[in-house]
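Comments concern the structure below.
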Amino acid sequence: MWSMILLGFCAYLLYLVASTFLGFRRNVSKAKQSGIPYVVVPVYYLKTWWLVGHRLWLPLLAKLPRQWTQWVDFCIPDFYFRRSIEVFQQVGSDTFLVVAPGGMVLHTADPAVITQITTRRNDFPKPTPIYRSLDIYGKNVVSTEGPIWRQHRKATSPPFTEKNNHLVWTESIDQASAMLSSWVGPDGKGDITVDRVMDDTMRLSLYVISRAGFGKKLEWPSADAKADVDANYVDKSKIQNEESDRGRGHSMSYTYAIHCLLDNILFQFLVPRWLLRRFPSAKFHKADEAYNEWGSYMREAVEAKKKDLEVSADESKDQMDLLAQLVKGQVASEKNKANSKDVPLTDSEVLGNMFVLILAGHETAANSIHFSLVYLALYPKSQRATQKDLDRIFQGKPPSEWDYDRDLPALFGGMVGAVLAEELRLVPPVIGIPKSTWGVPDQPITIEGKACTVPAGVYISLASGNVQRNPKHWPTSKPTLPGGHTVHPRANLDNDLEEFHPERWLLDDAHDFEQAETANGKKDMPNETVTADDLAINEAADTSDKFYRPPKGAYVPFSDGYRACLGRRFAQVEVLATLAVILQNYSVELAVDQWASDEEVIAMDEDARVEVWEKAAERARKLMLTGLSVIISLQMRAGHVALRFVPRGQEKFPDDADEKWKAKHPELCEGTRGTPGWRFWA
Ligand code: HEM
Ligand SMILES: *[C@@H]1O[C@H](CO)[C@@H](O)[C@H](O)[C@H]1NC(C)=O
Ligand SMILES: *[C@@H]1O[C@H](CO)[C@@H](O)[C@H](O)[C@H]1NC(C)=O
Ligand SMILES: *[C@@H]1O[C@H](CO)[C@@H](O)[C@H](O)[C@H]1NC(C)=O
């Protein structure tokens, strides 16, 4: 009896191994026929066990002889970012297939290929199964495809208008001023080490979207902002203050519920709801409670909005926030069912979209602010130029007198716009934009002029971060950093594409910002040209007409085509306004506490300051290279870069610290390059 079972089991195993092997061989030959360069590896890198466990294996694999572990080069999550364009140079092609038992992946850093894929949206759909975890409250505009996506996109796009962007502008200025005050202290003297820049920018963008998206104004915590980003922070006092919330049977304040929901986002995605509820762990329960609490706040908001709209039905109302729009669709189609050809969203889909907009909109924009500040601290000369440009635009006027229609275009087409463009070139929050040929037949595609085929069932990843530093498609200059201190150990060693250099966006004739707007017909900020019936597909460029325009497909931080980012202008308004508020009167500098106390720095001569600055810079550069990884977006997760905000004119370190250091240490400037590939991080 047992031997029969054992035999049956063995036969089954044998069958599994054989069929996988045969299927794998078939896939290798498909890859061969595709005409696309390919590599064969033993691990399909989308497998959960590998995604979750690779950190454990890498140090072991690094001990093995290099010939045995070549394949690992192509199987590391986030390898795009860490290995940069080097990974494509290693294969010798900007587009290649990786064939593994279990599946195939197509990687591309070729603008022409990226453009074909983003424009042929029916041929290369989004791989919806991998977005399923975003559906915790319901289906939404990010996670769907085809006709269902059209319905969601139609329902979510109306509030992304210029009118609403005015609100984004005022709210960003308001919150940024509060954030800056918390960084420089009540007396405004600044020069305090701030190590929570990332958390605070996340809070800022969360508050901006709460206001501009859902009409919910949140106040910056007054005293110690640090306390309530702490995951273990207990919000009892807040609840007592917000008596009305408690009165309605809430156990958490709205603010705390949303923070707690987002802090525990991985639990929400990965752990089944029933387990979160039952498992004896305080953290799980808290995560579940936050999920329920935020959900019920949103349901209440939806109900209230519905009542509101039924009573007033005033369509011309100015404050048509996102919630109002979503609910309006529902109410309208209930009123005249016969007339409406649009299927309204269900309640759960309304919630699903509200959640996903918060998710899509808050980390991404926050990262842009955070990384821009880190880069500006690392490149003080670009920072000075940015501040000079702010003086030109605002003439010292306080934010209360800033004007969206006049000043935003000037920011967009000036140095601040270039800073954002450059930050997104180097650190786009989505570094492998997912596409696929799942559920569609083999697709013809032209690669470097040659007719090729993408086999059916392939996962496609558009390597935004790599195409954006691909020297074949971007003008380059010589590297500027001290030698042996290249930004990346292996990639772009002979050019400056790994470096933050916002000036690269300024065309020669646009260096002079004083030029009239109409000079040679170029506008600071292109109008949002919206096409394709109600779907708000935006065909305007990502950056100012006055900037260098990379080839189509070579700059895709917001993706491109039909599935491009819906919140692009929203995000740009928020980031530009926030950076302007911070930099108008303050400079951002690297904090050097790790190497010298305040008294020591004050006593230092310039040489000594250069030395200590370079230490902080070296650490910050290393963290920007090796400390970033993706959960929702590319973020700094292995530590933080501490910054200081000092009144302009009181900077402690020279703007050309890098060059001074280089001049002092010629012997170190011939340093050897870093270790190749993933071993550098293992
Ligand atoms: C710097 C900030 C931002 C960047 C770089 C960015 C980038 C992107 C990218 C690359 C995609 C495509 C993702 C994919 O194909 O899976 C996307 C989609 C989307 N983004 Fe953004 N995003 C930003 C800010 C925002 C903001 C502030 C909002 C909303 C308030 C937003 C809403 C959306 C939505 C709704 C989609 C899905 C669109 C669709 O599939 O129809 N994003 N974004
Ligand atoms: C072969 O490739 C297809 C995608 O084209 C994939 O779905 C399938 O799992 C692969 N089979 C094996 C055994 O690798
Ligand atoms: C910067 O200083 C000017 C002049 O003192 C002031 O009017 C303005 O409000 C300040 N800007 C910010 C963002 O606080
Ligand atoms: C751009 O928008 C402005 C204001 O909305 C409008 O006056 C102008 O005509 C538009 N320009 C183009 C080229 O569409």
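Please read all numbers here as calculations on a predicted model, not as lab measurements. In each ligand, atom 1 is the first atom listed, and ligand 1 is the first ligand listed. Note that the numbering runs from 1 along the sequence shown for the chain.
- Residue contact check: Thr20 has heavy atoms under 4.0 Å from atoms 13 (C) of ligand 2.
- Checked by atom type and distance alone, the side chain of Gln383 pairs as donor or acceptor with a backbone atom of Leu376 at under 3.5 Å.
- Remark: among candidates Pro434, Ser368, Cys565, the nearest residue to atom 22 (N) of ligand 1 is Cys565, based on non-hydrogen atoms.
- Remark: the backbone N or O of Tyr207 is not paired with any side-chain donor or acceptor of Ser210 at under 3.5 angstrom.
- A distance of 11.0 Å separates CG in Leu579 from CD in Gln387, rounded to the nearest 0.5 Å.
- The backbone N or O of Asp403 sits less than 3.5 Å from a side-chain atom of Asp407, completing a donor-acceptor pair.
- Ring-plane geometry between Phe500 and Tyr375 is classed as parallel, the angle between the planes falling under 30 degrees on a 0 to 90 degree scale with a further cut at 60.
- Residue-ligand proximity: Lys126 is placed with a non-hydrogen atom under 4.0 Å from ligand 1.
- In terms of protein heavy-atom proximity, atom 4 (C) of ligand 3 is nearest to Gly396 O, 4.0 Å.
- Contact annotation: for Ala456 versus ligand 2, heavy atoms closer than 4.0 Å belong to the backbone alone.
- Counting protein heavy atoms only, atom 7 (O) of ligand 2 is closest to Gly457 O, 4.4 Å.
- Judged by distance alone, with hydrogens and angles left aside, the side-chain atoms of Arg211 form no donor-acceptor pair with the main-chain N or O of Lys217 at under 3.5 Å.
- Under 4.0 Å from ligand 1, not a single heavy atom of Val575 appears.
- The ligand atoms of ligand 3 that sit less than 4.0 angstrom from a heavy atom of Pro399 are 9 (O), 11 (N), 12 (C), 13 (C).
- With ligand atoms numbered from 1 in the order given, ligand 1 contributes 15 (O) to contacts under 4.0 Å with heavy atoms of Ile433.
- Shortest non-hydrogen contact noted between His473 and Ala554 is CB-CB, 4.3 Å.
- In the vicinity of Pro101, heavy-atom distances shorter than 4.0 Å reach the ligand 2 atoms 14 (O).
- Within ligand 1, the atoms closer than 4.0 Å to a non-hydrogen atom of Val142 are 37 (C), numbered from 1 in the order shown.
- The shortest heavy-atom distance from Pro455 to ligand 2 is not under 4.0 Å.
- Without hydrogens or angle criteria, Gln443 side chain to Pro441 main chain gives a donor-acceptor distance under 3.5 Å.
- Relative to the six-membered ring of Phe124, Arg563 misses at least one condition, a distance below 6.0 Å or an angle of at most 45° to the axis.
- Minimum interatomic distance between Thr115 and Gly553 (heavy atoms only, all atoms of both residues): OG1-CA, 3.4 Å.
- Of all the atoms in ligand 2, the ones that sit under 4.0 Å from a non-hydrogen atom of Met104 are 2 (O), 5 (O).
- Residue, atom and distance of the protein heavy atom nearest to atom 13 (C) of ligand 3 are Gln584 OE1, 3.3 Å.
- Here the side chain of Glu574 pairs no donor or acceptor atom with the backbone of Ile209 at under 3.5 angstrom.
- Which parts of ligand 1 touch Phe160 is read off a 4.0 Å heavy-atom cut-off, strictly below it: atoms 29 (C), 30 (C).
- For atom 24 (C) of ligand 1, the closest heavy atom belonging to the protein is Thr364 OG1, 3.2 Å.
- Contact atoms of ligand 2 toward Ala100: 14 (O) (distance under 4.0 Å to a heavy atom of the residue).
- Using a 4.0 Å cut-off between heavy atoms, Pro429 contacts ligand 1 through its side chain alone, with no backbone atom that close.
- Distances from atom 10 (C) of ligand 1 to the heavy atoms of Pro557, Gly567, Ala365, Pro428 show the closest one on Pro557.
- Note: an N/O pair closer than 3.5 Å links Tyr131 and ligand 1 by distance alone.
- Between the side chains of Arg153 and Thr144, no donor N or O sits under 3.5 Å from an acceptor N or O.
- Of all the heavy atoms in Leu204 and Ser172, the pair that sits closest is CD1-O, 4.4 Å.
- In terms of protein heavy atoms, atom 39 (C) of ligand 1 is closest to Arg153 NH1, 3.3 Å.
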* **Stepwise salt bridge (charged side-chain N to carboxylate O under 4.0 Å, His left out) check, Asp391 with Lys388** => CA-CA 5 Å; Asp391 294 343; Lys388 222 178 117 218; over 6 Å; no
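- Residue Val430 has at least one heavy-atom neighbour below 4.0 Å for each of these atoms of ligand 1: 10 (C).
- The minimum heavy-atom distance linking Met415 with Pro502 is given by the pair CE-CG, 4.1 Å.
- Outside the 6.0 Å centre-distance limit, the rings of Tyr586 and Trp183 are not counted as a close aromatic pair.
- Of all non-hydrogen atoms in Ser464 and Ile433, the two that sit nearest each other are CB-CD1, 4.3 Å.
- Near Leu357, meaning under 4.0 Å from one of its heavy atoms, ligand 1 places the atoms 35 (C).
- Among protein heavy atoms, the minimum distance from atom 2 (O) of ligand 2 is reached at Asn27 ND2, 2.2 Å.
- For Phe570, every heavy-atom contact with ligand 1 shorter than 4.0 Å involves the side chain, none the backbone.
- Protein heavy atom nearest atom 14 (O) of ligand 2, with residue, atom name and distance: Gly102 N, 2.7 Å.
- Here is the list of ligand 1 atoms found below 4.0 Å of a heavy atom in Trp149: 39 (C), 40 (O), 41 (O).
- Near Gly103, meaning under 4.0 Å from one of its heavy atoms, ligand 2 places the atoms 14 (O).
- In terms of polar-atom proximity, Asn585 is counted as a contact of ligand 3, with an N or O under 3.5 Å from an N or O of the ligand.
- Distances below 4.0 Å separate heavy atoms of Ser559 from the following atoms of ligand 1: 10 (C), 12 (C).
- The shortest separation from a heavy atom of Ala564 to ligand 1 is under 4.0 Å, placing the residue in contact.
- If you check the side chains of Thr128 and Glu145, you find no donor sitting under 3.5 Å from an acceptor.
- Considering each of Glu363, Arg563, Gln572, the one bringing a non-hydrogen atom nearest atom 40 (O) of ligand 1 is Arg563.
- The contact set between ligand 1 and Ile209, taken as ligand atoms under 4.0 Å from a residue heavy atom, comprises 30 (C).
- Relative to the six-membered ring of Trp474, Arg469 misses at least one condition, a distance below 6.0 Å or an angle of at most 45° to the axis.
- Scanning the protein for heavy atoms near atom 26 (C) of ligand 1, the closest one is Gly361 CA, 3.3 Å.
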